[in-house]
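Counting starts at 1 for both ligands and their atoms, following the listed order. Position 1 is the first residue of the sequence, and the numbers go up from there.
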Amino acid sequence: MSLSDQNIEHTAIIVVAAGSGTRLGYGIPKALVPLAGRSLLEHALDGILQANCAAQIIAVLPAGDAPLAALAGNHPSRPTCVEGGATRSDSVRSGLAALKPGTERVLIHDAARALTPPEVFREVTLALVRGAHAVIPVLPVVDTIKQVADDGSGTSPHVTGTPARESLRAVQTPQGFHAPTLLEAHERAAGWTPAEAAAITDDAMLMEMLGERVDTVPGAAAALKITTKPDLMLASSMLQERKPRKSADERQPARDTPLLIPRTGIGIDVHAVADSAEPRPMWLAGLHFPEDQGLSGHSDGDAVAHAACDALFSAAGIGDLGTHFGTDRPEYAGAAGTTLLTEAARLVREAGFEIGNVAVQFVGRRPKFSARRLEADAVLSAAAGAPVTVTATTSDGLGYEGTGEGLTAYATALVYSLRR
Ligand code: CTP
Ligand code: MG
């Protein structure tokens, strides 16, 4: 059985992407975290687009997050964007409120399961079309699972039982539902106390509480929930496995370009603060600092972004700023630091590398940076499509950095070869 246009017409997918990604620890919303140069949200939307099983796609994003709204707005799946809430279920409710009237089937999906294969979306939708009211993708459990209880004696919890492993399943998303029944379940849950609401860890549980039967379809290893850094590394290697392998003739000898051998690079940039007779805006780390006199130079003087570019070029072994953005490339004269960083990251990827991370520290008296550090990390990470972190220090009054005549930015970058 395949999905008809009519099935698709009355099906919607809500992708919840409003979480903060605390456990991943990038300091930016998890859905914005890059995986092979694309955000997790874009990967999730790619799978949904390929699955082609829903006419309406709703992306639930962190309130006021402009970078994610821009990525979603430019994605070919053309999702309706709504703002999420404090908890995952608040975010699901925001998504449900945006459903078109007459929606018969709704799939709820975590953006954190960014590599879920299109077949899983289709299997869930087909089960709903066949009449199921609730369907979840599941995988067998490999660990033995114990039930434990705390007897309050201050010792660690003790085991109270061992459910038979064959009867246990690990649950993934998308979870699919008969839309009117799920809406009713969420309406009932709206009046619950926070403790009662917190005990509900997925939407299928709400249906179980209504006495609805919940069916299962096979999940997929690739639909893992990206929660911590090792999960992101696993997802990254799964993505590489998906790429078509080159023929033996095209392949480089393995000893010349070993797989996943990291390379580091360094970049340094120094800029003087412009003469006070010529007011200039201060741009540093992709941010505008309105209270400061800007740095001199033909470009915007963003020493942090420039050092990051040089570190990337150095790591990939493809020259430096002068090689790529020199006077023979007039289109880059006056370009913003973030523009140069985006182009540098593109060139590094074109040369066959993925970017692990870039770290920059600048030494200078101004601008005052600590309050805007996370903002800088987010802006530069979005520009590079990889984690960029910026820190700042002073030189204890010594040298041009100490007098405020100029500043120095030092950057390191780590890249790894994707060639096989
Ligand atoms: N989510 C959401 N709104 C929230 C919390 C979570 O939309 N208030 C989404 C997340 O974006 C994610 C999914 O629910 O796609 C599963 O949540 P989780 O993996 O816990 O992601 P985060 O909450 O972002 O991560 P963390 O708990 O580490 O902060
Ligand atoms: Mg969470």
Side-chain angles (χ1 to χ4, degrees), residues 12-35 38-48 51 57-72 75 77 79-99 106-117 120-121 124 136-139 170-177 182 186 189-190 192 194 197-206 219-220 222-235 374 377-378 381-382 387:
I13 298 184
I14 295 171
V15 54
V16 284
S20 52
T22 320
R23 286 167 290 177
L24 203 50
Y26 272 64
I28 56 175
K30 182 153 72 182
L32 190 57
V33 168
L35 172 61
R38 282 168 79 67
S39 64
L40 294 186
L41 177 66
E42 289 168 289
H43 283 291
L45 290 171
D46 290 348
I48 290 170
I57 297 166
I58 299 166
V60 186
L61 307 179
D65 192 290
L68 270 175
L71 289 179
H75 193 273
S77 60
T80 306
C81 294
V82 298
E83 291 191 346
T87 66
R88 183 185 181 278
S89 27
D90 292 336
S91 297
V92 170
R93 266 192 290 280
S94 299
L96 290 172
L99 285 180
V106 61
L107 275 61
I108 314 284
H109 184 52
D110 287 344
R113 297 185 187 273
L115 301 186
T116 303
V120 180
F121 292 94
V124 169
I136 57 175
V138 296
L139 284 182
V171 179
Q172 303 184 320
T173 70
Q175 298 194 344
F177 303 98
L182 184 69
H186 269 276
W192 291 354
I200 304 296
T201 48
D202 71 352
D203 298 279
M205 260 178 98
L206 283 174
L224 83 157
K225 186 157 86 139
I226 299 172
T227 306
T228 58
K229 288 202 171 90
D231 299 331
L232 195 63
M233 288 165 74
L234 181 59
L374 292 180
D377 289 356
S381 298

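Between L24 and ligand 1, no pair of N/O atoms sits closer than 3.5 Å. Taking only nitrogen or oxygen atoms, main chain and side chain alike, G21 reaches within less than 3.5 Å of ligand 1. Remark: ligand 1 and V60 share no N or O pair separated by less than 3.5 Å (distance only, no angle test).
Of all protein heavy atoms, the one lying nearest to atom 17 (O) of ligand 1 is K225 NZ, 4.2 Å. Counting only heavy atoms of the protein, atom 8 (N) of ligand 1 lies nearest to G85 O, 2.9 Å. Of all protein heavy atoms, the one closest to atom 9 (C) of ligand 1 is V16 O, 3.7 Å. The nearest heavy-atom contact from the protein to atom 21 (O) of ligand 1 is K30 NZ, 3.1 Å. At the shortest separation from atom 3 (N) of ligand 1 among protein heavy atoms lies S91 OG, 2.6 Å. Atom 20 (O) of ligand 1 has as its closest protein heavy atom R23 NH2, 2.9 Å. In terms of protein heavy-atom proximity, atom 7 (O) of ligand 1 is nearest to A18 N, 2.8 Å. The closest protein non-hydrogen atom to atom 6 (C) of ligand 1 is G19 CA, 3.6 Å.
Each of the atoms 12 (C), 15 (O), 19 (O) of ligand 1 lies under 4.0 Å from some heavy atom of A112. For ligand 1 and T87, the ligand atoms under 4.0 Å from any heavy atom of the residue are 3 (N), 4 (C), 8 (N). The atoms of ligand 1 that sit less than 4.0 Å from any heavy atom of A17 are 7 (O), 11 (O). Residue A86 approaches ligand 1 through these ligand atoms, each under 4.0 Å from one of its heavy atoms: 8 (N).
In summary, of the residues considered (V15, I136, T116), a side-chain contact (heavy atoms from CB on, under 4.5 Å) with P174 occurs for T116 alone. Screening T22, L24, D110 against K30 for a side-chain contact (heavy atoms from CB on, under 4.5 Å) leaves a single residue, L24.
In T227, neither the side chain nor the backbone holds a heavy atom less than 4.0 Å from any atom of ligand 1.
With hydrogens and angles ignored, the 3.5 Å screen pairs a side-chain donor or acceptor of D90 with a backbone N or O of T87. Side-chain atoms of H109 never come within 3.5 Å of backbone atoms of I13 as a donor-acceptor pair (strictly under, hydrogens ignored). Formation of a donor-acceptor pair under 3.5 Å by the S77 side chain with backbone atoms of L45 is not found in this model. Side-chain atoms of S94 come within 3.5 Å of backbone N or O of E83 as a donor-acceptor pair.
Electrostatic pairing of R88 and D203 counts as a salt bridge here, judged by a charged N lying under 4.0 Å from a carboxylate O.
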Evaluation steps, side-chain contact (heavy atoms from CB on, under 4.5 Å), between R38 and L71:
CA-CA 10 Å; R38 282 168 79 67; L71 289 179; over 6 Å; no
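Rounding to the nearest 0.5 Å gives a distance of 4.5 Å between CD1 of I14 and CD1 of I58.
Residue contacts with ligand 1 leave out A31, since none of its heavy atoms falls under 4.0 Å from the ligand.
Nearest heavy atoms, L41 versus A72: CD2-CB, 3.9 Å. Closest non-hydrogen pair, A204 versus Q175, comes out as N-OE1, 3.1 Å.
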